[in-house]
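Notes follow once the structure below has been shown.
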Amino acid sequence: MRRTVFNEDHEAFRETLRAFIEAEVVPVYDEWFAAGQAPRDFYYKLGELGIFGINVPEEFGGAGLESHKFEAVLYEETARAGVQFGGSGVHVLLALPYIKMLATDEQKKRYLPKFVTGEEMWAIAMTEPGTGSDLAGMKSTARLSEDGTHYVLNGAKTFITGGVHADRVIVCARTAAPTPEDRRHGISLFAVDTKSEGYSVGRKLDKLGLKTSDTAELAFVDVKVPVEDLLGEENKGFYYLGHNLASERWGIAFGAYAQAKAAVRFAKQYVQERTVFGKPVAHFQNTKFELAACQAEVDAAEAVADRATEALDAGELTPAEAASAKLFCTEVAHRVIDRCLQLHGGYGYMNEYPIARLYADNRVNRIYGGTSEIMKTIIAKDMGL
């Protein structure tokens with residue numbers, strides 16, 4: 001079936017992005033992989049390319065578009081090349097929606113111009129040791145000072161993608177105790193300057209996959225956060241977090257589909273070049289059947305991902321639909337990538353082959369943004385079960 005989700009502008013962006021990846025990322029990607037992160041100056045290049053400003057209003061230096069389709073192209077092209085753009089995905093997909101939704105005009109004037117250029121990289125800190133998916137159980141606190149000029153932030157966060165390079169972090173912390181009726185009450189969001197006294201980056205975490213994405217532990221000891229850096233209203237943070245979950249889960253779903261599509265591409269190329277028993281692996285019936293089955297699953301995931309993209313751009317993607325797309329696409333990617341690795345034989349287990357890195361990178365898709373089990377809960381509740 002002919003795909004209709006992208007137009008000429010998206011395809012022109014794809015050509016530019018593909019050329020950029022080939023010139024600026026592929027030649028040095030092994031160095032990033034070994035270092036465990038992309039270099040900080042790479043984000044300035046993304047800023048120059050316009051990646052960070054696509055959905056930022058023109059008055060703040062962006063392109064002023066209201067579409068996730070360019071992000072979708074980015075997912076497809078990075079997966080196709082077997083690379084990642086470090087921790088920059090959080091900067092755009094997670095942090096930007098909160099700034100656009102919650103920041104005052106004064107805050108936007110301070111935050112967004114540097115956001116667009118990459119001068120200030122953003123991350124978001126929700127998860128704490130021991131809380132996981134239970135955000136209402138967070139222990140970090142932010143107490144308003146007696147003179148009312150700042151909050152005093154204390155606590156710790158973990159699994160913070162982009163946490164090493166971040167210049168500002170949206171930190172979720174308790175400004176009031178939960179109530180007996182609502183344990184989610186009392187959470188607020190702050191745009192914390194990482195240069196603040198008492199703010200520290202702990203371990204850079206050694207992950208199974210996503211090796212070029214810096215992920216860290218953060219600690220806050222009496223960090224003074226000016227009241228001007230409170231995002232939105234006090235004590236309503238949990239509800240703000242829920243508002244943007246649909247777009248986050250769309251991003252994970254689309255990224256997973258793109259990875260599955262790339263896996264089929266890698267496997268097809270490999271089996272056509274690899275010879276066993278005197279003929280290419282692609283000539284064996286099992287190979288053909290396996291790749292055909294994988295392609296059918298990728299086609300289905302593409303349809304789901306594209307439908308979710310259209311719904312998101314139209315402002316109509318519901319939490320249950322986002323959960324369904326995430327569940328389906330991540331489970332498809334899990335099966336497809338595993339089968340494509342199998343077709344590589346022993347070489348599929350070597351990190352020098354993109355399928356091995358893809359296998360490790362993909363595994364977290366069924367965990368972050370809400371586990372597959374949480375997605376099933378959301379879908380079941382929507383079904384009235």
Side-chain angles (χ1 to χ4, degrees), residues 13 16-54 56 61-62 70-71 73-96 111-125 157-170 192-196 199-218 251 255 258-259 262 351-354 356-358 360-362 364 368:
F13 175 67
T16 299
L17 186 59
R18 188 173 295 183
F20 174 82
I21 290 171
E22 289 299 321
E24 300 288 345
V25 182
V26 171
V28 294
Y29 195 71
D30 285 345
E31 297 174 18
W32 297 4
F33 189 86
Q37 62 186 34
R40 178 62 178 83
D41 61 4
F42 173 68
Y43 298 137
Y44 291 109
K45 294 180 180 179
L46 292 181
E48 292 173 4
L49 191 64
I51 296 293
F52 297 149
I54 293 171
V56 173
F70 292 94
E71 291 174 54
V73 172
L74 190 149
Y75 284 128
E76 289 187 335
E77 289 305 306
T78 50
R80 179 185 182 276
V83 302
Q84 297 168 348
F85 283 176
S88 64
V90 167
H91 183 69
V92 174
L93 181 65
L94 299 189
L96 182 58
Y111 300 153
L112 287 176
K114 294 179 180 180
F115 180 100
V116 170
T117 61
E119 184 179 347
E120 277 194 354
M121 293 300 296
W122 287 62
I124 184 164
K157 300 289 181 178
T158 191
F159 306 147
I160 309 307
T161 302
V164 174
H165 285 317
D167 301 289
R168 277 196 184 267
V169 177
I170 299 175
V192 179
D193 186 338
T194 63
K195 296 186 295 295
S196 302
Y199 180 104
S200 63
V201 178
R203 291 186 303 150
K204 184 178 73 173
L205 300 175
D206 184 15
K207 307 182 300 295
L208 171 67
L210 302 178
K211 290 292 189 179
T212 65
S213 173
D214 53 303
T215 303
E217 296 174 332
L218 306 179
Q259 289 177 323
N351 273 327
E352 64 187 273
Y353 282 79
R357 298 180 183 184
L358 196 58
D361 292 347
N362 173 261
V364 76
Y368 65 6

Minimum heavy-atom separation for [X] and [Y], please, with both atom names.
X      : Y      : value
Val164 : Ala216 : CG2-CB, 3.9 Å
Gly82  : Tyr29  : O-CE2, 3.7 Å
Leu218 : Ala125 : CD1-CB, 4.2 Å
Ala81  : Ile21  : CB-CG2, 3.6 Å

Within-4.5 Å side-chain heavy-atom neighbours: [X] and [Y]:
X      : Y      : value
Val364 : Leu208 : no
Lys45  : Phe20  : yes
Glu48  : Thr117 : no
Phe13  : Leu49  : no
Val83  : Trp32  : no
Leu17  : Phe70  : no

Test of understanding: with side chain to side chain donor-acceptor pair (under 3.5 Å), list the residues that count as partners of Asp214, not counting sequence neighbours.
none
So for atom CZ, which belongs to Phe159, do other residues, nucleotides or ligands contribute more than 12 heavy atoms lying within a distance under 6.0 Å?
no
Within 6.0 angstrom of Asp41 CG, more than 12 heavy atoms from elsewhere
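Yes, because the 6.0 Å sphere around CG of Asp41 holds more than 12 heavy atoms from other groups.
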Is a side-chain N or O of [X] found less than 3.5 angstrom from the main chain of [Y], in a donor-acceptor match?
X      : Y      : result
Ser213 : Leu210 : no
Thr194 : Ala166 : yes
Lys204 : Gln37  : no
His165 : Ala38  : yes
Arg357 : Asn351 : yes

Begin from the C-alpha positions of Phe42 and Val28 and carry the test side-chain contact (heavy atoms from CB on, under 4.5 Å) through to its verdict.
CA-CA 11 Å; Phe42 173 68; Val28 294; over 6 Å; no
Side chains of Gln84 and Asp361: any donor to acceptor distance under 3.5 Å?
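Side chains of Asp361 and Gln84: pair found under 3.5 Å.
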Please say which of Val169, Ile160, Leu93, Ile170 ends up in a side chain to side chain contact (heavy atoms under 4.5 Å, CB included) with Ile124.
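Between Ile124 and the candidates, side chain to side chain contact (heavy atoms under 4.5 Å, CB included) is satisfied uniquely by Ile170.
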Using the test ring pair (Phe, Tyr, Trp, His ring centres under 6.0 Å), find all partners of Tyr199 that sit at least two apart in sequence or belong to another chain.
Phe220
How many angstroms lie between atom CG of Asp30 and atom NZ of Lys211, to the nearest 0.5 angstrom?
14.0 Å
Interatomic spacing from CD in Glu76 to CG in Leu74 - rounded to 0.5 Å
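One finds 10.0 Å between CD of Glu76 and CG of Leu74.
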Contact list for residues 158-170, test salt bridge (charged side-chain N to carboxylate O under 4.0 Å, His left out), sequence neighbours left out:
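Counting only pairs at least two positions apart or across chains, the salt bridge (charged side-chain N to carboxylate O under 4.0 Å, His left out) contacts touching residues 158-170 are Arg40-Asp167, Glu120-Arg168, Arg168-Asp229.
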Test side-chain contact (heavy atoms from CB on, under 4.5 Å) applied to Trp122 and Leu96, step by step:
CA-CA 8 Å; Trp122 287 62; Leu96 182 58; over 6 Å; no
Before you tell me yes or no, could you show the steps for Val92 and Phe52 under side-chain contact (heavy atoms from CB on, under 4.5 Å), namely the whole-Å CA-CA distance, both residues' side-chain angles and the distance that decides it to 0.1 Å?
CA-CA 6 Å; Val92 174; Phe52 297 149; 3.6 Å; yes
